[in-house]
Every structure is written in C-alpha cells, then in structure tokens.
**Q** 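First the structure, which I've put down as structure tokens, then a few questions once you've had a look.
We use all heavy atoms of the structure for the numbers below, so side chains are in, but hydrogens, waters and symmetry mates are not.
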Amino acid sequence: MRNLRLDICYDGTRYRGWQRLTGVENTIQGKLEQTLSTILGEPVEISGSGRTDAGAHAAHQVANFHCHSQMPAEQILLELRRYLPEDIGIHSCREAGERFHARLNAQTKTYRYRIWNSDRPCVFQRRFVTVVPERLDMEQMKKAASHLLGEHDFSAFCAAKGKKKSTVRRVDAIEIRREGEELVMDFTGNGFLYNMVRIMVGTLVEVGLHQRSADSIPQLFGGQRASAGMLMSARGLCLMEVTY
C-alpha cells in the first residue's frame, strides 16, 4: 500500500476545524477525505500533523494517507486542485516513506497569531486578524513571553478538561513584532495543547494592556485554566510550518 504526503493550506473561516466530526460535514479533514475517496475510488483516511481550531487557518499543514490506487502523485495533485473548494489549497502531493506519519513524526510546529492593534477599521484582513484597539505594550509582552520559553506544565493554558495525557510541552521560540497596524506573534514548540496558543496570546495581551505583570507568568505553570489569560479568537491563528 502506498503512503502519500500532502502539504496543505486553507482559510478556515467557514470550517469547524481540522478534525473530522461525526455528523459534521464542514471540516478540513472531512472535505479532503471525501474528495480523495472520490478521486481514487476507494475509502481514504488522512492523518494531519495536528488539529487546528474551528475558524483557524493554515499556511502549511502536513498530512499523509494510504491508498491502493496507482494514480501518479502528480495526477492526484491536479485532481485535488480541480475538485477542492477555493479555500483549501494543496501545495504538493508526493510519495512518502512507509513509516512516515504526519503527526507522530513531527518535530516542531510554528503558529502565527495576528492582532490588529488599532482603532482604525480593518476591512480586507478581518478574517485573519483579531482586533485589539487599545495600544499594547509590546516590550512588556516580550518580557512576559520570555518566561514561557522552555519545558513547562502548561495545564493553565489548556482548555480541555478531564484529559489524562501530559500537559508538559516545550516552547522553543516566541517572536513578537509590529508590522504597521499589526502585532505579529510567532510561537514554535514541540507541540501545543488544545487552545494553548490562543490562551498564551490572551495572557500576553493582558500583560500588554497592563492587566497583569510580566513577572507573574511563572506562577501559572501547573495551575488551573482560570488563572491564565483570556481565550483569543481563532481567526487570528494560523499554522505556519511543521518540521520533521
């Protein structure tokens, strides 16, 4: 059986997230599986590098799937581009090693969060940014972000409840910069918990609004969800890169 890798981008605005859900048609995974099954004439299940939230986007998601069909990868790519909706794009389709698994083999992931930090209207990028009209103190946010680096128990930054799996993750880099009216924040780590990036951003925004101090961040590790910051909108979140 063949193992093929897909490199994917999508505007997640109208989807219920990446993961296939029973009784829900509009998920990225579900749409891809449905389209591939039609193209290849056999049932197809795909595995993504990770789940993105409802309304979140991806500039570079990675997935793999197995199939019996001998249709060339180049032809599968053309057919996917032909039949998928315009808000899901395929960068490439290629043969992968027998043991390649998009999620299990992933080493790091980078997410970007975009904040429109202005009271001026943001019309053309409104689906991809979250508006915070009050001026944010970027230097304090950078100071707070430095405390998030390294390996910690990020239970306070996870929205899922009742899960038994480890909440320890490693954050390798956080970059915060201004680009015109936008505040752009990039997070790279070995993996992220459910809603973790959006909650980290919410916590840093509260620091930027002087609602909490930068030096209070270490006290949050291993704590309860209520102790960390607000959950930011998914629209500002985009999966940028997955490394293997």
**Q** Return the minimal non-hydrogen interatomic distance between T130 and G236, and the atom names on each side.
**A** OG1-N, 3.7 Å
**Q** Any chain of hydrophobic side-chain contacts (each under 4.5 Å) joining L239 to I28?
**A**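 Unlinked, L239 and I28 end up in two clusters.
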**Q** Where do C67 and L4 come nearest, in terms of heavy atoms and distance?
**A** SG-CD1, 3.6 Å
**Q** Look at the side chain of R177 and the backbone N and O of L183, then say whether any donor-acceptor pair between them is shorter than 3.5 Å.
**A** no
**Q** Compare all side-chain heavy atoms of I8 with those of L32 and state whether any distance is below 4.5 angstrom.
**A**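 Yes, at least one pair of side-chain atoms sits under 4.5 Å.
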**Q** Any carboxylate oxygen within less than 4.0 angstrom of a Lys/Arg side-chain nitrogen, looking at K109 and E241?
**A** no
**Q** Is the backbone N or O of F157 less than 3.5 Å from a side-chain atom of N195, with the two atoms forming a donor-acceptor pair by type?
**A**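 Such a contact is absent between N195 side chain and F157 backbone.
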**Q** If only side-chain N and O atoms count, and only distance matters, is there a donor-acceptor pair under 3.5 Å linking T108 with T243?
**A**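 Side-chain D/A pair, T243 to T108: present.
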**Q** Looking just at side-chain N and O atoms, do D215 and S213 make a donor-acceptor pair shorter than 3.5 Å?
**A**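 There is no such pair (donor and acceptor under 3.5 Å, judged by atom type) between the side chains of D215 and S213.
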**Q** Between R198 and S233, what is the shortest heavy-atom contact and its length?
**A** NE-C, 3.8 Å
**Q** H57 vs F128, test: ring-ring contact (aromatic ring centres under 6.0 Å, His included). Steps then yes/no.
**A** CA-CA 8 Å; H57 319 288; F128 308 105; 4.8 Å; yes
**Q** Does the side chain of D137 pick up a donor-acceptor pair with the side chain of H210 at under 3.5 Å?
**A**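 A donor-acceptor contact under 3.5 Å links the two side chains.
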**Q** When you check the side-chain N and O atoms of T188 and Y111, is any donor under 3.5 Å from an acceptor?
**A** no
**Q** H91 versus C9: any side-chain heavy-atom pair under 4.5 Å?
**A**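 With C-beta onward as the side chain, the pair touches.
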**Q** Applying side-chain contact (heavy atoms from CB on, under 4.5 Å) between F154 and each of V171, V168, L220, I199, report the one that passes.
**A**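 Checked V171, V168, L220, I199 against F154; only one passes side-chain contact (heavy atoms from CB on, under 4.5 Å): V171.
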**Q** With distance as the sole test, does E42 use its side chain to make a donor-acceptor pair with the main-chain N or O of S69 at under 3.5 Å?
**A**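 Judged by distance alone, yes, a pair lies under 3.5 Å.
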**Q** Is S227 reaching over with its side chain to a backbone N or O of Q224, donor-acceptor style, under 3.5 angstrom?
**A**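 Yes; judged by distance alone, with no hydrogens or angles, the pair exists.
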**Q** Among I88, L80, V44, I90, which residue satisfies the side-chain contact (heavy atoms from CB on, under 4.5 Å) criterion with T35?
**A** L80
**Q** Is there a side-chain contact between I46 and N64, using heavy atoms and a 4.5 Å cut-off?
**A**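 In short, these two side chains do not touch, never coming nearer than 4.5 Å.
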**Q** Is the count of non-hydrogen atoms from other residues, nucleotides or ligands lying under 6.0 Å from R16 atom CZ greater than 12?
**A** no
**Q** Identify whether the distance between the nearest side-chain nitrogen and carboxylate oxygen of D7 and R5 falls below 4.0 Å.
**A** yes
**Q** With rounding to the nearest 0.5 angstrom, report the CG to CZ distance, L237 to R112.
**A**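 If I round to the nearest 0.5 Å, the distance is 11.5 Å.
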**Q** Got H147 and P218 here, is their nearest side-chain heavy-atom distance under 4.5 Å?
**A** yes
**Q** Using distance alone, with no hydrogens and no angle criterion, decide if Q29 and R51 have a side-chain donor and acceptor under 3.5 Å apart.
**A** no
**Q** Are the side chains of R114 and R235 in contact, using a 4.5 Å heavy-atom criterion?
**A**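 R235 does not reach R114 side chain to side chain.
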**Q** Which atoms form the tightest heavy-atom contact between L204 and A144, and what is the distance?
**A**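 Between these two residues, the closest heavy atoms are CD2-CB, 3.6 Å.
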**Q** Judged by atom type as modelled, is there a donor-acceptor pair below 3.5 Å linking the side chain of H152 to the main-chain atoms of L149?
**A** yes
**Q** What is the distance from atom CE of M232 to atom OG1 of T203, rounded to the nearest 0.5 Å?
**A**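 Those atoms lie 10.0 Å apart.
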**Q** Let me confirm one number: the CE-CG distance from M200 to L231, rounded to the nearest 0.5 Å.
**A** 12.0 Å
**Q** If only atom types and distance count, is the side chain of R127 paired as donor or acceptor with the main-chain N or O of F124 below 3.5 Å?
**A**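 Side chain of R127 to backbone of F124: no pair is present.
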**Q** Can you spot which of R178, R135, E182 makes a side chain to side chain donor-acceptor pair (under 3.5 Å) with N117?
**A** R178
**Q** Is any side-chain heavy atom of Q75 closer than 4.5 Å to a side-chain heavy atom of L77?
**A** no
**Q** Are side-chain heavy atoms of M230 and E206 found at a separation under 4.5 Å?
**A** yes
**Q** To the nearest 0.5 Å, tell me how far E181 CD sits from I115 CD1.
**A**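 Reported value, rounded in 0.5 Å steps: 13.5 Å.
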**Q** Any chain of hydrophobic side-chain contacts (each under 4.5 Å) joining M138 to F187?
**A** yes
**Q** Measure the CD1-CG distance between I176 and L136 for me, rounded to the nearest 0.5 Å.
**A** 9.5 Å
**Q** Please find the pair of heavy atoms, one from W18 and one from G48, that lie closest to each other, and give the distance.
**A**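 Reported closest heavy-atom pair: CZ2-CA, 3.6 Å.
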**Q** Whether the side chain of N3 engages the backbone of G97 through a donor-acceptor N/O pair (distance < 3.5 Å, no angle test) should be reported.
**A**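 Here the side-chain-to-backbone pair exists.
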**Q** Does the Q61 side chain pair with the main chain of G50, one donor and one acceptor, at a distance under 3.5 Å?
**A** yes
**Q** Between R20 and E33, is there a side-chain N and carboxylate O pair less than 4.0 Å apart?
**A** yes
**Q** Measure the shortest side-chain to side-chain distance between V201 and M185 over non-hydrogen atoms and say whether it is less than 4.5 angstrom.
**A** yes
**Q** If you look at every heavy atom in V129 and C122, which pair is closest and at what distance?
**A**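 So the two residues come closest at CG2-SG, 3.7 Å.
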**Q** Would you find a donor on one side and an acceptor on the other, under 3.5 Å apart, between the side chain of Q70 and the backbone of H68?
**A**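 Here the side-chain-to-backbone pair exists.
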**Q** Is there a donor in the side chain of D87 and an acceptor in the side chain of Y15, or the other way round, less than 3.5 Å apart?
**A** yes
**Q** So, does Y244 use its side chain to make a donor-acceptor pair with the main chain of A102 at under 3.5 Å?
**A** yes
**Q** Working to the nearest 0.5 angstrom, can you tell me the gap between L6 CG and S49 OG?
**A** 11.5 Å
**Q** Using the rule that Ile, Leu, Val, Met, Phe, Trp and Tyr join whenever any side-chain heavy atoms are under 4.5 Å apart, tell me whether Y194 and Y113 fall into a single cluster.
**A**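 No, it is not one cluster - the side chains of Y194 and Y113 are not joined through contacts under 4.5 Å.
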